[in-house]
Every structure is written in C-alpha cells, then in structure tokens.
Amino acid sequence: MNQTRRSFLKQSLGASFCSTSVLSSILNLRITGSLAAEETPEPGYKALVCVFLAGGNDCFNMLTPIEGESWASYQLSRGQIALPLDAFTSLPAPLDDGRQLGLNNAMPEIAGLFKNQRLSFVANIGTLVGPTTKQEVENNSAKLPLGLFSHSDQQKHWQSSLPETRNPLKGWGGRMSQILGDLNGSSKVSMNISTAGVNVFQSGSAVTPFTITPGDLPAIRAWDEPFFAPRQQAMEAMLDAEYRNIFERTYSSSKKEAIEAGLEYKSAIENPNLGDPPPFSPDNELSVQLEEVYKAIAARETLNKSRQTFFVQIGGWDSHGSLVGHPTQLANLSKALGEFQNAIDTLGVADDVTTFTSSEFGRTLSSNDGGSDHAWGGIQFVMSGAANINGGKVFGDYPDLALGSSLDLGRGRLIPTISVDEYFADLALWMGVSPSSIPTVLPNLSRFHDVSGGEAPLGLFAS
Amino acid sequence: MNSKVRIKEALFFLGIVTGSMTKVSAMLDLDGDNASELWQLSYPEIGNDLDDPDGDGVNNLNEQIAGTNPLDANDYLKIENITTAPAGVFVNWSGVGGKYYRIEKFNVTTHVWESIAEMPPSVSSGPHFIEITHSPDDLAQGNIIRLNVTDIDQDGDGLNAWEEYQLGYNDQLQFTSTVAGRNDYALALRRIEQEGGAVIRGGQEIPRRLPTRKEAARFLVQSTFGPTEELINEVTSIGMGAWIDRQIYSEAISETKSIMFQNHRSFTAQLWREGLWRTIFTRNDQLRQRTAYALSQIVVAGFQGGNVVGDNSITQATHYDKLLSRAFGNYRDVINDMTYSPVMGFYLSHLKNRKSDPSIARFPDENFARELMQLFTIGLWELNEDGSRKVDLEGADIPSYDNETITELAKVFTGFTHGTHLGLPATGFFGATRGTDYYPPMKIFDEEHEPGEKKIVSGVIISEDTNGDGIVDENEQLSARDEVELALDTLVDHPNTAPFISKLLIQRFTSSNPSPEYVTRVVGAWNFGTQRGALHRVIEAILLDPEVRTAGVSGDQSGKVREPFIRTTHVLRAFNPTTANDQYVPLVGRMLEEIGQFPSLPPSVFNFYLPDYQPAGEMRLRKLTSPELQIATTSKLLTSDNFFREITESGFFGLKIDKSPLIELADDPDALLDELDLKLTWGEMSDQTRETIKTAITGSMPPQTRVLRALHLICSSPDFTVIR
C-alpha cells in the first residue's frame, strides 16, 4: 500500500478536513488559556494514568479468539507465532456476535479485574485521520496519519492526537491540563507527572511534565542547609539572572523550576501522615514507576491537586526478532497493574483513578519467522473502580484475523475501526473537560464523533 | 529623458553602512570584533575604530568598510565626478575591488533609503562608476542621493568579496580551488595561520595569525572530549587548520579492543566501557573519537546488557572500532560496515532474516530496512540542500518513501547469518553459534536470500526483470551481495543523505539550529569532488565555518546545549586527571541515572534525544530545537548538578583531577577565575556569572574551599552548559 501524500482535498461532506480549523482552535486555547465560561467541572479528585507500551504490543497474542473459525484464522494467519489453545483463559462471556475470546494466561491480574468488571478492552484502535476503508487506501484517496508504521511518528500521534501534524510537540494531555489546570490550587509541581521523562502526551506550549526517576527524589544535595548557603545564594543568583542566549535562558529557567518543584514534591511525598505504601515489586520496571504514581496520588492534597495526569512507560515491545519473551512482558504488565490497582484501592480513590494503556501500533498478524513487524490497529484496555467504569466488556469491533480481510492492508496490518481520538474523548470527558472544549483538546475528533451533545464516543464510563 | 538634469542641485554625499549584508556575518572574524582578520592583519597598529590616524576625515571603521588605507590621507572613498550623457548620469569614484556599491535615494515619504542603481564587486580596484538611468524625478532638485559601500558574500561561503579579492579567490564559487576540497573560508583561515604569514593582493605581506588561548579552548571544546593545557598549547602554536590535519592524518588510530586490555581486570561487559573511558582520557586522536561518538548517535546500535552483545566486550569493541576506523573515511563505508556488523544485525534483527514463505505467512523482518532509511541515510522527508524540507504544491512535507518501499527493501536484507559458526567459517545460513561468532562481519547466503525484483527509492529496481517476461532469470538476478551493494549505494547517493546526515553531525559538534547557509556549506563539502561523502571534509567544514568560529554570530540562538557526557569528560580532562592504579572505571549505571548518557547505551535506536526536539516555552514558540534539553528533565537537572559537584570534589571512581595548581592561585580570586574561565568556559564566562561566583569565593576560607566552590558553581552555570 502506498502512504498517501498529504494532498489537500476539497471539503468533503460532513466533517471538515480543513487543517486551519484545527490550528485556529489551538490558537484560541492560547488566547483564552483557561476554563471557558460554561465550564462546570465536577468537584473532587480525578487522575488519569497513561501506561505506554513503547515499541508496539503484539496484542493479538494477548486477547485472542479461541473457538471455531476465528480460532482457525488466527492459527493460519500467525503461523509459527500463533500460540496454542492452552495459552489462553476464556473470558467469562462471548462477544455479542458469538465469538469467544481468551486472555493470555500470563495476565491473571488483568483477568481478575475484567471478571470483577473493573477493566474493559478496546478493539480495534489506532491513529486515523478519518474513517478509512481498504479501497480508499489502495486507490490512494485516503489521508493517512503521517509516518504510519514509524515508531517515532506513531508514538507522537498516539500522544498528541494530531495525526496530520509532522512533528507534534504538544499532546492532548498538555492541552487538557491547560483547560483543567484552574481546578488545581497553587503549586510548583505540575499536575502532569512522568516517570519516563519528557513526553509528548503531557507537553503543552508552556507545559512540561514534572519528571521523577523511580526510587529517587530529585533535589540539590544540601539545599537549605546552613553550610551550603553561599553556594545556594550563588546558584539562586545565577538562576535569576538574565541571559544573552536562548539556550542559557531555557536551561536556567528549567533548572529553577526543577529545584522549586523538587523541594515541594519531596516534602509532600515524605509527609509522615501518608504512611507506608502497599507492596510493589522492586524488580518490575512498571511497578516501580506505578509506585511513584501511587505516592503522588496519596499526596494529592498536599500538592493541591484536584486533577492529575501520569505518564509511565515500559519498552521492549518491538518484537521483530522474537516473541518468546512476550508472555513474560504481559505477565509483568499484569502484575504491576494489579499491584497498582490494589494500592489505589487502599487510598479509597478507586473510582477517581483511571488507568489506560497506549501503544504506538499493533503488529502484523503474519510472522517474519520468529517475530512480527509494525502494523496499525490494535487492542488497548482501561481499568478503574467497578462503579466508575463499564467493566467486563470489549468495546469496539474485535477484528477478523484472517489474512486478506476487508481491513487487511497486507500481512495482517489492520485498519483501525476506532480512532484514538474517540478513546481519548471518553477519558477527557470523564476528567471534566466540557463537551464544548473537547474539540480544542482533540481537534481530530469531529471526523468520527459529534461530541456537542455531551455524548461520549465509546461509553467507557458509567454515567 | 531630459539630460540636462540639474544634478548640481541634488545633494550628494557618501553614506557608509556598517555591518554586513547577510544575517550571518560573512567574514573571517575569529575574535568576534566584527572586523575581518585580513584587515586587522594588514593594518595591525591602527588601534581604535574611531581614530583617524591619517587625518583624512574618515575614521578607521569607515575606512575598513570602504576598504581604503587608514594610513594614507589620500585614500578614502570620495566621488571623483558626476557626468551626464544622453544615456544617463554617471557617478564616478575610485573604488576598491571586492566592495559592493549602490546609489541610494532617500524616500521622503517612507523615510527609507532605496537602492536605485548598483555596482557588484569587481575583482580589481581602480576607477568605478555607476550609471543612473532612472527617471528625471530621481535626480530632480531636492532629492538626497548617496553612494553606499558595504561588504557582500555572493557565494555564501563565509568570506566576503573583499576578503576573497585580497586572497585571489573567486567570490562566485564556494570552492575556488578544486585541489584541496576545502571551501574558501577554510582555505583563508589556514592561510592566515600558516607559518611565515601570508602574501595577499598587491604583494602585501601579513603576519601569521595563530589562535589566542581562548579561541583555541573554544575550538577544542567543540572538537574534543575536553581541552587540556597541552592541547591548548598545541593549537595556539600550530593553528586550528594544522591541528585538524594532524588529527585526520595521524596513523595512531585508537582501537578500544586493544586498549581495553590494558590493566585488564576481568572479562565482563564492563571491560569495553573501561576501554572506551581510557581511550577518551589517554589517547590523542580526540577529533576521531568525537566523530565516532557522533556516528554512534546516528547509526545507533545499543549495547544494552543481558544478551549476547551486551555481555561481550570484544563484540562491542569490534563494532565500535569500526566507527573509529571509518571516522575520517567515507560515509558509504560506515554504512557498509554497520550493515554487515553482527551487533547491528542483532540490534535491528536482520541477522538470520529469512526470505518470504507465504505458505506459512512468513515475511522478511523490516526492522533494519526501516531504520536504515529513516535514521541512517535519507530520513523521512524530502530535503533541500540547505537541510530544509521540500514542500508540495499545498505546502506539505513530501515523504521520501512509503511503507511499501520498506517491505521491498526488507527483502534485500535477507539471508544474513553469522560469519562463523562455532568459530569455523560459515558455509550456509543455518548453524549453531556461540559468542565469538559475533566478532566477524556477517555473511549472506542465497538459500535464505529473497530472490526477485525489489523496487526501492530513486526509481531503482534491484534485480529488475528487464526483458519484461515476468520472470527474474539468472541474467537478471543479482547476487545477494550485489543487491545489498546497490541498495546501499542508492540510499547513500540519494540527494537527501548529505543534508540529512550533515545536519545531524553539525548538531553533535557545534550548533543545534544551523542556518541554511551553514548546512549548505557543509553539504558542499560532502558533495565535493568525485568521492562524495568524505567525512574528513565534512568534519572540517563543520568546525571551520564562520557561523561557529565567531561566537554568537547567529544572535541569541547561536550554539547549543552541550551533551552531559561531554561536559563530564571535559571537566575531568581539564585538570590533569590521574588514576590510582591506572584504572579507568566509568560508573555507567550512575551516569545513565544521574546525567542520562553513556556512549552506545541510548534507550532506543532513536538515540538519547530527538534531533527536532523543541523545549516548551520560548524555544517552542520560535521553533528552535535543542535535543540535549530533552534529557534535561526535572530529575536529571538536579541529579546532574550533584554529580558534577561530586566529581570535582572527589573525582569519579579513582579518577581524580589535580587541583593543586588551582589551590596555588586561590588566594587571588581573579587569577583563579581567569584560569577556570579559560579551561571550563573557554574564556567566555559572562560578567554576571563571574561576579556571582567571585562573591561566593571572596572572604575568609581555606583555599581548598574556594577552589571546590568555584568548580561546582561553574559546572552549575549556564555558561558551562551552553556553548554559543
């Protein structure tokens, strides 16, 4: 298939394809920069946790049809990377169309959450410029996300929800936080916290996440101690000075913010009233990050937060060479999320915290011998408290896994039938972004869903 | 037109415009005083800009701009006469070769001087004239007209026409000489540095100009892992050009494989890292090492542990040493070596990549093919020679390939296997292997190499079915190796590759946001001659460029944030480091955690940071990139401050800096700061930073404390972190 050039077609009926409207709504945000007059967000606390699986999760070995024709298609398409039947545990009930799915056995915690209606899957989801058919792709009339199948581009598109932008630097989380930020009290610590460095999801024009390294509270050693005073004064003078060069200015202001935020964060997290965190596995790369998220949620009141977003990331999902390690990765993912949800439950905020996965793409159904290559549509999942989320479901349409299907662009690269915009819109509405502000956060949504009446595209949350 | 224009009633006077024509100072100005070194070397004693030693009424600055002799009272810019003829009005003056003259009229409505006639630079001095053929209105009574002289750089090579004229170069060509492969700026710089001085136009001799200590320090900060006293002395005594030659043509090429066995402690993954660390601190081929490190950040193959590569130091050394050996060779050879390296084969999974078997839905692994295009050669988007993106009729970027190209190219990189199986030369694709089989280059075997056509970029069809009979027969099918060669040739020769890779290299050495002119000059060096992609020319063009030899010339967006790894080696190298038992042990885990970098251990094939990362705030608004700030996260900004403090206080695992000469200076804070400024901030520490630090070290305290405090604060400062 050919990746279509971004040719500027005439207006199509219905949704507008004009990119200037996208940019102008973002510019509007810069001008207003805050809650619109009609914002009436709910009081209380909400947190959104993005778990990014970097590399592209081979999700069709995670949630798989295990009976009948669909099982046969799976086996045929995946060849030597297909898993045997006993690798899966059946979901409690079949899909509406009768197909029975199974969850990879490596994920008992996820199975339990699903069974207790605290977790749902979303299939078949990916970045889309607009609804796209195979015919349109094959005759080059479809507009496709730029850099489709490239890690760096698709990670950015998953985090920015701007599939037609060449180098999106700002994410939908950043835009969302510019709107919701007014709900928070004053604090030097950003409402956006990341354990995985700077990321596009949480970036805005003037917004950068507060980053933490798991296990480590960043601070200048001996800051505020009496013997350090001459150095501290000198450092403060340097950080307050004016610089002749933009790199110096940017470095200096970033460092100043880091010091101030670090001090505030440290005292909030080390507050003895918080008690000890529940157990998190110290050798699980995701657990250690989620432990920091837990701590920040536990300290939300000291940090003056009514709304928070978190970004955690684990890599190694780019299984070109081999899928032998995939079940272990799924097991670690499941274990970490189980530990995290247990910890959140102890805080009594289960219904206020929603965790959702993202990954830059699914992988080819067909193998390259031991592994799989970059593809497009895939499966994600969302978890929260049972009263908050419509759990125990598979949202969207679980695709046909036969090669050559109406969604297959070759090698089992499937066109998504749900766009990331719809997924994120459910999450943003839940966070309290008003329907009228959703287009600012997710400019591309209007090509899939009309949100003006307040209806969420997918219905992930109980109203 | 009425030729009897009443010229005498128009006012004429001479206007002289200061400064240069283009936004980047086109001039050989190494000390940043906005005057050409050629001028200053021609008249070394004339002193201040506003003086007028020959008393001709024109001060030195204006004589410089006009190109006239400041010591000759008869030589200054003046209009000789104005004559009229039926064709027009002629303004005559005695002009200087290489200067650009215009007649300008003052627009009384807009209050702006408008050019109404011009004379481009001529190659010789002598009678000049401009013919004004404008309407009589322009020359009517009451109009104010002036003759304006400025410099101009017509070919964009960084030397203005006057300088080129003085040196006998051509201001219409970036490369006047086809012999050396150096553009005119680099040639000019070398010429003024050469022994015995130089002879310029008119037989005038100008004295030799070697770099000052500050200029040398700044140059070494850009080109090495940190300036030392010895290196500063070397550059100040032979010049930057000659130093580059020594670095390029030295036969003592570092090999981490042999170096890592000095003081061999144990055979572990750590061994290579120690070898690299020792190489950085003890070996003199610093420019080669910087180049290899830069290449390792472009053609990325990570050495993460827990696998057959990451746990084997000889495997790692064999791979990295290829970058060292090819650093001043041809980029095509770099790509060749990396393609056949089993480390790369393992990292991007084209090792043991098998041909298609549609019956079991198995197809070639696309990983290497994708990154080869996206990151190592042509990049995602079509580029102009100046590094900017081409756009289509609607103004959108143009992709340089699509996913189908990747699928096709992936077929080329099939059939790769280890060079040896259990130590014996491989005779087929399949075979048992062990760790040492990752040392030799990979081999390709037809048995698992995908036959048939592959349509790749630039309209190239590998193994084309030329007779169109639907079969690729024996005459049409290239051998596996030839297919790889053709694919690599096509990609490296693609017009994108020179600007794409040049810009990435510029970012590693000198500048995060090079101007289009700078990129064009470096691409000119890449494309020079018949052997395109000669890295020794490219690296020299990166360093000997007006944009980076004159500090701050691109305004407040000049320069870059320096990599934390290089800042670390800089501060450790600057003060005669020594180790306790001749051990060079980098604590790699700590470096990754606290400063975010160690060579060959980036988090992914996308390196430590992205080349187009724009930090939030002012930089993003102005669309300026700073890759290194992507890893300056909240936590790293603070942990790295602690890190620099620790390594200056107590060294880094046995590697200690020698503070005794600094302690000797400590009683005189200014003397101490002068030395630290030269060694750590290349003599360019800002006044305000200096004042702040001086305050912190003034007063009664042990000299040791003064030194430690100053070292920490300098490492903390933006002046140390950023090079303009």
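Labels below follow one simple rule: chain letters A, B, ... track the order of the sequence lines, proteins then strands, and each chain is numbered from 1.
- For L610(B), the part sitting under 4.5 Å from any heavy atom of chain A is the side chain, from C-beta outward, and nothing else.
- For E366(B), the parts lying under 4.5 angstrom from a heavy atom of chain A are both the backbone and the side chain.
- Side chain of K560(B) to backbone of Q507(B): a donor-acceptor contact under 3.5 angstrom is found.
- Relative ring orientation between W376(A) and F149(A) is described as perpendicular, the plane-to-plane angle rising above 60° on a 0-90° scale split at 30° and 60°.
- The aromatic rings of H320(A) and H374(A) sit tilted relative to each other, their planes meeting at an angle between 30° and 60°.
- For T721(B), the part lying under 4.5 angstrom from a heavy atom of chain A is the side chain only.
- With a 4.5 Å cut-off on non-hydrogen atoms, F606(B) touches chain A through its side chain but not through its backbone.
- In this pair, F413(B) and F368(B) present their aromatic rings perpendicular. The plane angle is above 60°, beyond the 30 to 60° band.
- For E691(B), no part lies near chain A; criterion is any non-hydrogen pair under 4.5 Å.
- Side chain to side chain, S558(B) and R724(B) fail the donor-acceptor criterion of an N or O pair below 3.5 Å.
- Only the side chain of K156(A) comes within contact range of chain B, with at least one heavy atom under 4.5 Å from a heavy atom of that chain.
- Taking OG of S77(A) as the start and CD1 of I360(B) as the end, the distance is 13.0 Å to the nearest 0.5 Å.
- With a 4.5 Å cut-off on non-hydrogen atoms, T639(B) touches chain A through its side chain but not through its backbone.
- Interface residue L713(B): backbone and side-chain heavy atoms are both found under 4.5 Å from chain A.
- Neither the backbone nor the side chain of S356(B) comes within less than 4.5 Å of any heavy atom of chain A.
- Using a 4.5 Å cut-off between heavy atoms, T705(B) makes no contact with chain A at all.
- Only the side chain of Q688(B) comes within contact range of chain A, judged by heavy atoms closer than 4.5 Å.
- L624(B) touches chain A through its side chain: at least one heavy atom from C-beta onward sits under 4.5 Å away, while N, CA, C and O do not.
- Of the two parts of A234(A), the backbone and the side chain both hold a non-hydrogen atom closer than 4.5 Å to a non-hydrogen atom of chain B.
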